[in-house]
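Before any comments, here is the structure.
In this text the structure is predicted, and so the values were computed from the model without any measurement. Chain naming here is simple, since letters A, B, ... match the order of the sequence lines and numbering starts at 1 in each.
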Amino acid sequence: MTINLNEDSAEALLIWFRVHGVSYPWAGSSDSLDVWGIWVSEVMLQQTTVAAVEPRYRSWMKRFPSPEALAAADEEEVLREWEGLGYYNRARNLAVAVAEIRTAYGGRIPEEPAELRRLPGVGEYIAAAVASFAFGKRRAAIDANGRRIAQRLSAREIWDKELETVFRSAVEELMPLENPGEMNAALMQLGQLVCTPRSPRCGDCPLALCCLARLEGRQESIPPRRRQEVIQKKTRLAILYDGGRILMRKRMKGIGKGLWVFPAESEIEGLEKWWEPAGELSEQIHAYTRYREVLQPRIFRRNDERGTAPVIGLPDTNFFPLEKLQELPMPTAYRRISGQVPDILNYL
DNA sequence: AAAGCGTGGAG
DNA sequence: TCTCCAAGCTT
């Protein structure tokens, strides 16, 4: 197997990057290395688009400008700040990692990839990215962009250990001694702007001449599309309103762990006995991994205000005053629902 | 080691 | 509207 990367193509790539590359807020300059910001950006950017990350990165760095600031925050607030980005374990891992850094490294973020790699939430990619961007190490950070580029350069339909080894050593060999991270950034942005998953702009590509997929006209079909079926679900939600407070449930495991949600009607013990429907809110779609769930929220109020307290029969729940919902981390679909609740209450 | 983990933007 | 998939990691 071959990858036709040489000094000339690497040079062409870097020149392309300097002309067409985009500078993001997390790009540390050589004189003001912001290690923390680079790390945060890498975590946010995993499986998440640059467009979605940019505004959230700014607010996160404002609230948690240093590892210490994050280490001092409680989980609820950390998740609230992460809300909307998804994959909430990333935020939890980051919080655990900064706590470890405080105790094991005296608050100093380690420079060596092997040490970074031991922190929770830091895998091969992020370790290499931080080491190269923040500390100038010659380590290839290979992400989805890099894999796609490698597959197209070599016209291989599968990404395997062999291709990884060949590509990694080729990249690391060509990384300049001065600012080697620029090579990683160049590859990623090439994948983002030119060597895109669909309709790659080969006419603008500095590597077009050494690309086998392009040579064979197979750039559109490498890598092959993956397709998986979407499972449809429909869930009725119970928004229980009692004495100015709303019932919420905290998810303790699985999807949305640590986030607060409105319980499903089916989860409430004796719903008809204690509660009466008082209005409907508009449906919301909660799409996650391979599910597409339609949420149908209904407001309920106590059918007998003077009776004994109703049985909820559901653990990890609590009634919160309306203003408090603002502070609870929720999945975004539930956040949209919570935004409608005050309007409905005006009619009660 | 295959599957779980969220969401929004782009086409 | 619908499909694809993104600067991955963990178990």
Side-chain angles (χ1 to χ4, degrees), chain A residues 17 21-28 37-57 79 82-94 96-97 116-134 139-149 159-161 164 181-193 195-201 220 223-232 251 253-259 261 284-295 329-336:
Chain A
F17 178 64
V22 183
S23 180
Y24 294 117
W26 45 83
I38 288 168
W39 182 11
V40 167
S41 73
E42 294 304 338
V43 175
M44 282 191 177
L45 284 162
Q46 64 164 321
Q47 305 290 280
T48 309
T49 56
V50 168
V53 164
E54 257 190 299
R56 306 306 306 279
Y57 172 82
L79 292 176
W82 199 266
E83 189 181 294
L85 285 169
Y87 291 136
Y88 296 90
N89 267 332
R90 293 184 294 175
R92 263 188 294 269
N93 285 147
L94 203 47
V96 172
L116 288 163
R117 185 71 180 75
R118 288 189 212 111
L119 299 166
V122 178
E124 280 306 306
Y125 167 79
I126 291 185
V130 172
S132 66
F133 292 143
R139 294 288 290 248
I142 303 171
D143 67 336
N145 292 301
R147 290 196 293 275
R148 185 172 60 254
I149 290 168
W159 174 260
D160 56 14
K161 204 69 195 167
E164 180 183 348
E182 192 179 27
M183 183 70 78
N184 285 331
L187 280 167
M188 286 185 249
Q189 293 204 17
L190 185 71
Q192 192 189 334
L193 303 171
C195 195
T196 49
R198 282 171 291 185
S199 311
R201 301 162 176 80
E220 296 273 2
R225 300 276 166 276
R226 55 173 174 138
R227 185 193 322 279
Q228 61 178 345
E229 70 170 305
V230 177
I231 301 164
Q232 311 281 347
R251 292 208 170 136
K253 59 184 172 71
I255 197 92
K257 186 171 91 176
L259 305 187
V261 297
Q284 297 296 329
I285 304 296
H286 189 203
Y288 50 95
T289 53
R290 50 182 211 286
Y291 295 93
R292 184 179 180 281
E293 185 178 21
V294 179
L295 302 176
M330 304 179 197
T332 53
Y334 291 78
R335 174 66 62 200
R336 289 193 292 269

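Taking all atoms of both residues into account, the shortest heavy-atom contact from L259(A) to M330(A) is CD1-C, 3.9 Å. Across all their heavy atoms, E220(A) and S199(A) have their closest contact at OE1-N, 3.4 Å. L79(A) and A91(A) make their closest contact through CD2-CB, 4.5 Å (heavy atoms, listed as atom of the first residue, atom of the second, distance).
Checking E83(A) against Y88(A) by side-chain atom types alone, no donor-acceptor pair falls below 3.5 Å.
Among the atoms of the strands shown, none is found under 4.0 Å from any heavy atom of V43(A). Residue-level contact check: G146(A) touches neither bases nor backbone, having no heavy atom under 4.0 Å from any strand. At the heavy-atom level, G191(A) lies nowhere under 4.0 Å from the strands shown. In this structure, R56(A) reaches neither bases nor backbone, as no heavy-atom distance under 4.0 Å exists between it and the strands shown. Within the nucleic acid shown, Q192(A) comes within 4.0 Å of at least one base atom, counting heavy atoms only. Backbone-only engagement by R225(A) is indicated by non-hydrogen atom pairs under 4.0 Å involving sugar-phosphate atoms exclusively. In this structure, A287(A) reaches the bases: a heavy-atom distance under 4.0 Å links it to at least one base atom across the strands shown. Residue-level contact check: A144(A) touches the backbone only, with heavy atoms under 4.0 Å from sugar-phosphate atoms and none from bases. Nucleic acid contact class of L85(A) (heavy atoms, under 4.0 Å, all strands): base.
N93(A) places no side-chain N or O within 3.5 Å of a backbone atom of V122(A) that could act as its donor or acceptor partner. In terms of modelled atom types and a separation under 3.5 Å, the side chain of R56(A) and the main chain of M44(A) share no donor-acceptor contact.
Counting to the nearest Å, the C1' atom of dA3(B) and the CG atom of N89(A) are 14 Å from each other. Atom C1' of nucleotide dT7(B) and atom CD of E54(A) are separated by 17 Å, given to the nearest angstrom. Atom pair H286(A):NE2 and dG8(B):C1' shows a separation of 12 Å (rounding to whole Å applied). Atom CZ in R90(A) sits about 18 Å away from atom P in dG4(B), given to the nearest Å. Rounding to whole angstrom units, OH of residue Y57(A) and C1' of dG8(B) are separated by 21 Å. Following rounding to the nearest Å, W82(A) (CH2) and dC5(B) (P) show an atom-to-atom distance of 18 Å. The CG-P distance, from L94(A) to dC5(B), rounds to 21 Å in whole Å. With rounding to whole Å, E83(A) atom CD is found 13 Å from dG6(B) atom P.
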Practice task
Verify side chain to side chain donor-acceptor pair (under 3.5 Å) between Y288(A) and E293(A), making sure each step is shown before the conclusion.
Solution key: CA-CA 8 Å; Y288(A) 50 95; E293(A) 185 178 21; 3.3 Å; yes

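Ring-centre distance between Y334(A) and H286(A): below the 6.0 Å cut-off.
Running 5' to 3' along DNA chain C, contacts with non-hydrogen atoms of chain A at under 4.0 Å begin and end at dC4(C) to dT10(C).
Between the side chain of S199(A) and the base of dG11(B) there is no donor-acceptor pair of N/O atoms closer than 3.5 Å. One N or O donor and one acceptor, one from the side chain of Y87(A) and one from the base of dG6(B), sit under 3.5 Å apart.
When the side-chain nitrogen and oxygen atoms of Y291(A) are compared with OP1 and OP2 of dG4(B), none of them lie within a distance under 4.0 Å. Put simply, R290(A) has a side-chain N or O that comes within less than 4.0 Å of OP1 or OP2 on dG4(B). An OP1 or OP2 oxygen of dA3(B) is reached within less than 4.0 angstrom by no side-chain nitrogen or oxygen of T289(A).
With both ends at atom C1', the span from dA1(B) to dG8(C) equals 15 Å, rounded to whole Å. dG8(B) and dC9(C) have their P atoms separated by 22 Å, with the value rounded to a whole Å. Using C1' as the reference atom, dA7(C) and dA3(B) are 22 Å apart when rounded to the nearest Å.
Here E164(A) pairs with W159(A), K161(A), R168(A) under the side-chain contact (heavy atoms from CB on, under 4.5 Å) rule; sequence neighbours left out.
Taking the nucleotide of DNA chain B with the nearest heavy atom to each of R198(A) and I255(A), the more 5' of the two is matched to I255(A).
The nucleotide whose nearest atom lies closest to any side-chain atom of R336(A) is, among dG8(B), dC5(B), dT7(B), dG8(B).
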